Number of protein chains: 2
Amino acid sequence: MECRVTSLLRDKGFKVTPQRLAIYDVLAKTKAHPSAEMIFNELQPLYPTMSLATVYKTIEILKELKLIQVLNVGEDSFRYDAKTDNHPHINCCKCGKVEDILGIDATDFIDTIASQTSYRLTGQQFYFYGVCSECQKTEKLPQ
Amino acid sequence: MECRVTSLLRDKGFKVTPQRLAIYDVLAKTKAHPSAEMIFNELQPLYPTMSLATVYKTIEILKELKLIQVLNVGEDSFRYDAKTDNHPHINCCKCGKVEDILGIDATDFIDTIASQTSYRLTGQQFYFYGVCSECQKTEKLPQ
DNA sequence: CTATATGCAAATATTTTGCACTGCT
DNA sequence: AGCAGTGCAAAATATTTGCATATAG
């Protein structure tokens with residue numbers, strides 16, 4: 001049994017390489033929404049010869065195959081998420097982590113927007129900002 | 001009568017310079033949500049000696065004074081908005097323009113999120129993506 | 001007059017590209 | 001074997017920084 005990534009790559013005429021699978025795996029197995037650099041660093045021990053360029057080129061393909069989605073919470077770099085359903089994200093302003101918000105039904109909100117705009121909607125991205133529970137604790141410690 | 005920007009700058013110990021006022025004015029008078037480069041280009045005719053560095057430095061101050069908000073719809077650069085109330089934005093995937101969505105009350109949606117997260121919320125940003133009405137027309141023309 | 005701001009140029013950071021070599025299929 | 005993919009280095013793009021000069025207060 002072939003996994004989804006393997007068959008999708010092959011179907012679209014892309015070659016299945018260890019690098020591509022490894023990059024997708026990093027994204028599939030983390031909830032940290034890593035940037036290209038973070039993916040690169042994560043893979044260094046296992047693939048010491050892998051280049052950042054390969055990470056970027058692979059991300060491009062994974063995006064095209066809709067295997068990942070792109071996030072931009074307002075940092076200078078992009079982050080990537082292998083969960084491709086369109087859920088909101090929340091970003092801690094103190095530690096910078098980005099987490100999924102799952103189990104939200106935004107249908108009503110989206111419908112309201114759809115009915116008020118002349119655009120044909122194709123998607124949306126909801127970002128929330130705040131302080132995570134860990135950072136809230138730290139905040140309250142003296143100094 | 002002094003305008004808000006002038007007095008706010010002065011109050012916080014920043015000097016009031018023609019450059020700073022001009023940059024804020026560009027943002028206050030447009031609905032295009034320009035990037036730093038777009039602001040710079042807009043000001044070229046009037047302030048031919050202004051440098052991009054000044055645009056970036058001024059944006060930093062305006063952000064600090066909460067006179068502008070920062071947007072990132074997923075481009076490689078940031079955009080800025082002098083409307084600082086937290087309204088959704090919509091981005092046309094064809095022509096790239098970014099427009100305000102006004103008159104939406106997202107309180108219920110935000111409250112739902114607030115009640116489901118352990119974060120102390122400080123803000124949010126809603127981006128919608130689609131095809132604007134102008135681009136929809138163009139789309140349908142033969143070729 | 002003094003301290004801050006500007007403008008230039010150089011530095012930094014992120015992402016993209018060109019090309020010789022490698023390795024899937 | 002053939003062609004797409006990788007890795008390196010260089011380029012492109014966006015943003016930041018250092019510093020000499022200009023200017024607001």
Side-chain angles (χ1 to χ4, degrees), chain A residues 2-3 5-24 26 33-65 67-68 70-80 96, chain B residues 2-3 5-24 26 33-65 67-68 70-80 96:
Chain A
E2 254 186 354
C3 74
V5 198
T6 304
S7 46
L8 247 176
L9 282 170
R10 221 188 299 274
D11 284 0
K12 301 284 178 173
F14 296 107
K15 288 190 177 168
V16 179
T17 68
Q19 288 92 333
R20 286 174 181 171
L21 297 178
I23 290 165
Y24 179 78
V26 169
H33 310 86
S35 64
E37 187 105 36
M38 290 158 85
I39 297 171
F40 174 73
N41 290 333
E42 174 109 16
L43 290 172
Q44 271 311 95
L46 268 128
Y47 295 82
T49 73
M50 183 179 303
S51 99
L52 244 183
T54 299
V55 175
Y56 280 109
K57 286 168 185 167
T58 299
I59 284 170
E60 215 43 50
I61 294 172
L62 296 176
K63 252 164 48 179
E64 193 181 326
L65 301 187
L67 284 165
I68 60 173
V70 183
L71 305 181
N72 195 310
V73 294
E75 298 164 316
D76 41 10
S77 58
F78 291 96
R79 286 168 172 259
Y80 305 94
Chain B
E2 253 186 352
C3 76
V5 198
T6 304
S7 47
L8 247 176
L9 281 170
R10 223 187 298 275
D11 285 0
K12 301 282 178 175
F14 295 107
K15 289 188 175 169
V16 179
T17 68
Q19 288 91 332
R20 285 173 182 171
L21 296 178
I23 290 164
Y24 179 77
V26 169
H33 310 87
S35 64
E37 186 105 36
M38 290 158 84
I39 298 171
F40 174 73
N41 290 333
E42 175 108 14
L43 290 173
Q44 270 312 95
L46 268 130
Y47 296 83
T49 72
M50 183 178 305
S51 98
L52 244 183
T54 300
V55 176
Y56 280 111
K57 286 168 184 166
T58 298
I59 284 170
E60 215 45 49
I61 293 171
L62 296 176
K63 251 164 47 178
E64 194 181 324
L65 302 186
L67 284 165
I68 60 172
V70 183
L71 305 181
N72 195 310
V73 295
E75 297 164 317
D76 41 9
S77 57
F78 291 96
R79 286 167 171 260
Y80 306 94

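Fair warning: this is a prediction, and the values are worked out from it, not measured in the lab. Just so it is clear: chains get the letters A, B, ... in the order the sequence lines come, proteins before strands, and each one is counted from 1.
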J.: Heavy-atom count check: over 12 atoms from other residues, nucleotides or ligands less than 6.0 Å from B:E42 CD?
T.: no

J.: Without decimals, in angstroms, what is the distance between A:E37 CD and C:dT15 P?
T.: 9 Å

J.: Find the distance A:I59:CD1 to D:dT6:C1' and express it as a whole number of Å.
T.: 15 Å

J.: So which heavy atom on A:L9 is nearest to which on A:I61, and how close?
T.: CD2-CG2, 3.9 Å

J.: Do B:K57 and C:dA5 have a side chain to base donor-acceptor pair shorter than 3.5 Å?
T.: no

J.: When you check the phosphate oxygens OP1 and OP2 of D:dA24, does a side-chain N or O of B:R10 lie under 4.0 Å from one of them?
T.: no

J.: Could you state the CE-C1' distance from A:M50 to D:dG5, rounded to the nearest angstrom?
T.: 12 Å

J.: Under 4.0 Å: is that the gap between some side-chain N or O of A:Y56 and OP1 or OP2 of C:dT16?
T.: no

J.: Atom CD1 of A:I61 and atom P of C:dC24: how far apart are they, to the nearest Å?
T.: 15 Å

J.: Verify the contact: side-chain N or O of B:T49 to OP1 or OP2 of C:dG7, cut-off strictly under 4.0 Å; return yes or no.
T.: yes

J.: Using modelled atom types and a 3.5 Å cut-off, is there a donor and acceptor pairing between side-chain atoms of A:R20 and backbone atoms of A:K15?
T.: yes

J.: Provide, to the nearest angstrom, the distance between the CZ atom belonging to B:F40 and the P atom belonging to C:dT6.
T.: 14 Å

J.: Specify the closest pair of heavy atoms between A:M50 and A:Q44, including all atoms of both residues, with the distance to one decimal.
T.: O-OE1, 3.7 Å

J.: Has B:T17 got a side-chain N or O lying under 4.0 Å from the OP1 or OP2 atom of C:dT4?
T.: no

J.: Look at the side chain of B:K15 and decide which nucleotide, out of C:dT25, C:dA3, D:dA9, has an atom nearest to it.
T.: C:dA3

J.: Between D:dG25, D:dG7, D:dT17, which one does the side chain of A:S51 approach most closely?
T.: D:dG7

J.: Quickly work out the B:E60 CD to D:dT17 P distance and round it to whole Å.
T.: 9 Å

J.: Rounding to a whole Å, what distance do you find between A:Q44:CD and D:dC8:C1'?
T.: 13 Å

J.: If you apply the rule salt bridge (charged side-chain N to carboxylate O under 4.0 Å, His left out), what do you find for B:E60 with B:K63, and how did you get there?
T.: CA-CA 5 Å; B:E60 215 45 49; B:K63 251 164 47 178; 3.3 Å; yes

J.: DNA chain D: B:F14 or B:Y80, which has the more 5' nearest nucleotide?
T.: B:Y80

J.: Assign each of A:A53 and B:S35 to its nearest nucleotide of DNA chain D by heavy atoms, then name whichever residue's nucleotide is nearer the 5' end.
T.: A:A53

J.: With a 4.0 Å cutoff (strictly under), does any side-chain N or O of B:R20 reach OP1 or OP2 of D:dA24?
T.: no

J.: Can you tell me how far P of D:dA11 sits from CG of B:D76, to the nearest Å?
T.: 20 Å

J.: Compare side-chain N and O positions of B:Q19 against OP1 and OP2 of D:dT23 and report whether any pair is under 4.0 Å apart.
T.: no

J.: Indicate whether OP1 or OP2 belonging to D:dG7 is found under 4.0 Å from a side-chain N or O atom of A:T54.
T.: yes

